[in-house]
Asks: 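Pasting in a structure now, in structure tokens, and then I'll have a few things to ask.
Naming convention: chains lettered A, B, ... in sequence-line order (proteins, then strands); numbering from 1 in each chain.
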Amino acid sequence: MTANASERLLQHYVDNFRRLPWRSAPGTPPPPAYRVWLSEIMLQQTTVAAVTPRFERFVTRWPTVEALAEAKDEDVLSEWAGLGYYARARNLIACARKVARRGGFPETAADLRSLPGIGDYTSAAIAAIAFGEDAAAVDTNVERVVARLHAIDRPTRAQIEQLVRDMLRSGRAGDLAQALMDLGATICRPKNPLCASCPIAADCAAFASGIPERFPLPKPKRVRPLRHGVAYWIEQRDCVWLVRRPAKGLLGGMAALPGSEWQDGPLPVRPAVRHIFTHFALELGIERRSSAIGDGWWQPLDTLEDAGLPTLYRKAVAAFLTDRSSRRRAA
DNA sequence: TAGTCGTGGGA
DNA sequence: TTCCCAAGACT
């Protein structure tokens, strides 16, 4: 790699700057740490397209970390509903309260790293982007870009971090992190990389090899088992009975329809919904019940969209209501 | 360390 | 349809 690959990458970033709600233009003051933090948490394993409207809603409703720290758990979880990986929302609340209590965000990656929901990548990203620390923020984009740059088929995280540190230009770690991520998202893509448009193709060992896509090697995939469950539809006076799931685990803390435990074997009910989670698929049947089960609340049917249901249960509600209305038309 | 933890869009 | 995978963290 030539010494000025970093310069060309940074220049490409400046020339092709993508304006996003949580970004500041290169050469202007950095965004507040609150906005950087919130966006980085939302963007974990989540696309820019999915995050953008949610980010706007969050910062409108809670403009500061102090405001977020004072919010009710249910309100934050409800705003997060549909975004997935709900442990992020639970950690978001815990983190906001810690930060508010200590009077603001810590300004180093090492101190940020000790906050809930902030790991190696996010701590480095916030430190670099919001506070200008020369920290190496390595996500999957950066790992792929750097692995290709050096034609490493099985990179370790420590190896990539060192190579990124070698690319750092003092005071521009934030730009470098975002430049690497943008390059990974738009040009150095997992499949069909656009090497002809790449500002550092001349430095790239994978490009020179003629098979850039081969770096890094793909992760082995695991089988996704099928599980089964039943959700209960309990309706009285134009309200439906909802419950809150246990605080930890899958969909932890989220609003839900009550229901059976989910099991491996099939159930004697027709599945109404098929939903894909990260490591298993679920077929969910819907069964009417007459009396409330467990702790919960009566949610008016006409406000069900605002109940903060995660996607599985939104799909179940939609399936039930569609099915009922079509049966009523037939009757 | 490998499993857990969502969702939606594109190929 | 099926598969991949997107600014990871936690245990």
Asks: Could you check whether Thr46(A) and Arg54(A), counting side-chain N and O atoms only, form a donor-acceptor pair closer than 3.5 Å?
Replies: no
Asks: Under 3.5 Å, is there an N or O donor on one side and an acceptor on the other linking the side chain of Thr47(A) and the base of dG8(B)?
Replies: no
Asks: Using the side-chain heavy atoms of Lys191(A), tell me which of these nucleotides is nearest: dC4(C), dG6(B), dT4(B).
Replies: dC4(C)
Asks: Can you tell me the distance, in whole Å, between the NE2 atom of His275(A) and the P atom of dC5(B)?
Replies: 13 Å
Asks: Quick one: sort the Phe277(A) and Phe280(A) rings into parallel, tilted or perpendicular, breaks at 30° and 60°.
Replies: tilted
Asks: Does a side-chain N or O of Tyr86(A) approach OP1 or OP2 of dT7(B) to a distance below 4.0 Å, or not?
Replies: yes
Asks: Can you find a heavy atom in the side chain of Glu143(A) that is under 4.5 Å from one in the side chain of Arg148(A)?
Replies: no
Asks: Where the side chain of Lys221(A) is concerned, which of dA6(C), dC4(C), dG6(B) is the nearest nucleotide?
Replies: dC4(C)
Asks: OP1 or OP2 of dA9(C) sitting under 4.0 Å from any side-chain N/O of Arg88(A)?
Replies: no
Asks: Looking at Arg327(A), I want to see if its CZ is surrounded by more than 12 non-hydrogen atoms of other residues, nucleotides or ligands under 6.0 Å.
Replies: yes
Asks: Provide, to the nearest angstrom, the distance between the CZ atom belonging to Arg227(A) and the C1' atom belonging to dC5(B).
Replies: 13 Å
Asks: Does a donor on one side chain sit under 3.5 Å from an acceptor on the other, for Glu133(A) and Thr108(A)?
Replies: no
Asks: May I have the distance from Arg18(A) (atom CZ) to dA7(C) (atom P), rounded to whole angstrom?
Replies: 9 Å
Asks: Counting only side-chain N and O atoms of Thr140(A), is one of them less than 4.0 Å from OP1 or OP2 of dG8(C)?
Replies: yes
Asks: With a non-hydrogen cut-off below 4.0 angstrom, is Gly252(A) in contact with a base, only sugar-phosphate, or nothing?
Replies: nothing
Asks: From CZ of Phe280(A) over to C1' of dG6(B), roughly how many Å is that when rounded to an integer?
Replies: 10 Å
Asks: Measuring from the side chain of Leu312(A) (C-beta onward, heavy atoms only), which nucleotide among dT7(B), dA7(C), dC10(C) has the closest atom?
Replies: dT7(B)
Asks: So Thr311(A), base contact, sugar-phosphate only, or nothing? Heavy-atom distance under 4.0 Å.
Replies: sugar-phosphate
Asks: Send over the distance from His279(A) NE2 to dG8(C) P, rounded to a whole Å.
Replies: 19 Å
Asks: Assuming nearest nucleotide by heavy-atom distance, tell me which of Arg157(A) and Arg224(A) is located more 5' along DNA chain C.
Replies: Arg224(A)
Asks: What does Pro190(A) touch in the nucleic acid at a heavy-atom separation under 4.0 angstrom: a base, only the sugar-phosphate, or nothing?
Replies: sugar-phosphate
Asks: Which part of the nucleic acid does Ile276(A) contact within heavy-atom distance under 4.0 Å: base, sugar-phosphate only, or nothing?
Replies: base
Asks: Could you check how far CD of Gln45(A) sits from P of dC5(C), rounded to whole Å?
Replies: 12 Å
Asks: Can you figure out which of dT7(B), dA7(C), dA9(C) approaches the side chain of Gln44(A) most closely?
Replies: dA9(C)
Asks: Contact class for Arg144(A) (heavy atom, under 4.0 Å): base, sugar-phosphate, or nothing?
Replies: sugar-phosphate
Asks: Separation of Leu251(A) atom CG from dC5(B) atom P, in whole Å?
Replies: 9 Å
Asks: With rounding to whole Å, what would you report as the distance between dG3(B) and dA7(C) at their P atoms?
Replies: 23 Å
Asks: At a heavy-atom distance below 4.0 Å, what parts of residues 112-131 of chain A sit against DNA chain C?
Replies: Arg113(A), Pro116(A), Gly117(A), Ile118(A), Gly119(A), Asp120(A), Tyr121(A), Thr122(A)
Asks: Once you measure the plane-to-plane angle for Phe17(A) and Tyr13(A), does it fall in the parallel (<30°), tilted (30-60°) or perpendicular (>60°) bin?
Replies: perpendicular
Asks: Considering every strand and a 4.0 Å limit on heavy-atom distances, what is the contact class for Trp80(A): base, sugar-phosphate, or nothing?
Replies: nothing
Asks: Where do Leu168(A) and Leu176(A) land on the side chain to side chain contact (heavy atoms under 4.5 Å, CB included) test, with the steps shown first?
Replies: CA-CA 7 Å; Leu168(A) 283 174; Leu176(A) 180 68; 3.7 Å; yes
Asks: Closer than 4.0 angstrom, basic N to acidic O: yes or no for Arg23(A) and Asp182(A)?
Replies: yes
Asks: When the distance from CG of Leu20(A) to C1' of dA7(C) is rounded to whole Å, what number comes out?
Replies: 11 Å
Asks: Under 4.0 angstrom, heavy atoms only, what part of the nucleic acid is Ser39(A) near: base, sugar-phosphate, or nothing?
Replies: nothing
Asks: Record whether the side chain of Thr46(A) comes under 3.5 Å of the base of dG8(B) through a donor-acceptor pair of N or O atoms.
Replies: no
Asks: Going by the angle between their ring planes, with limits at 30° and 60°, are Phe105(A) and Tyr34(A) parallel, tilted or perpendicular?
Replies: tilted
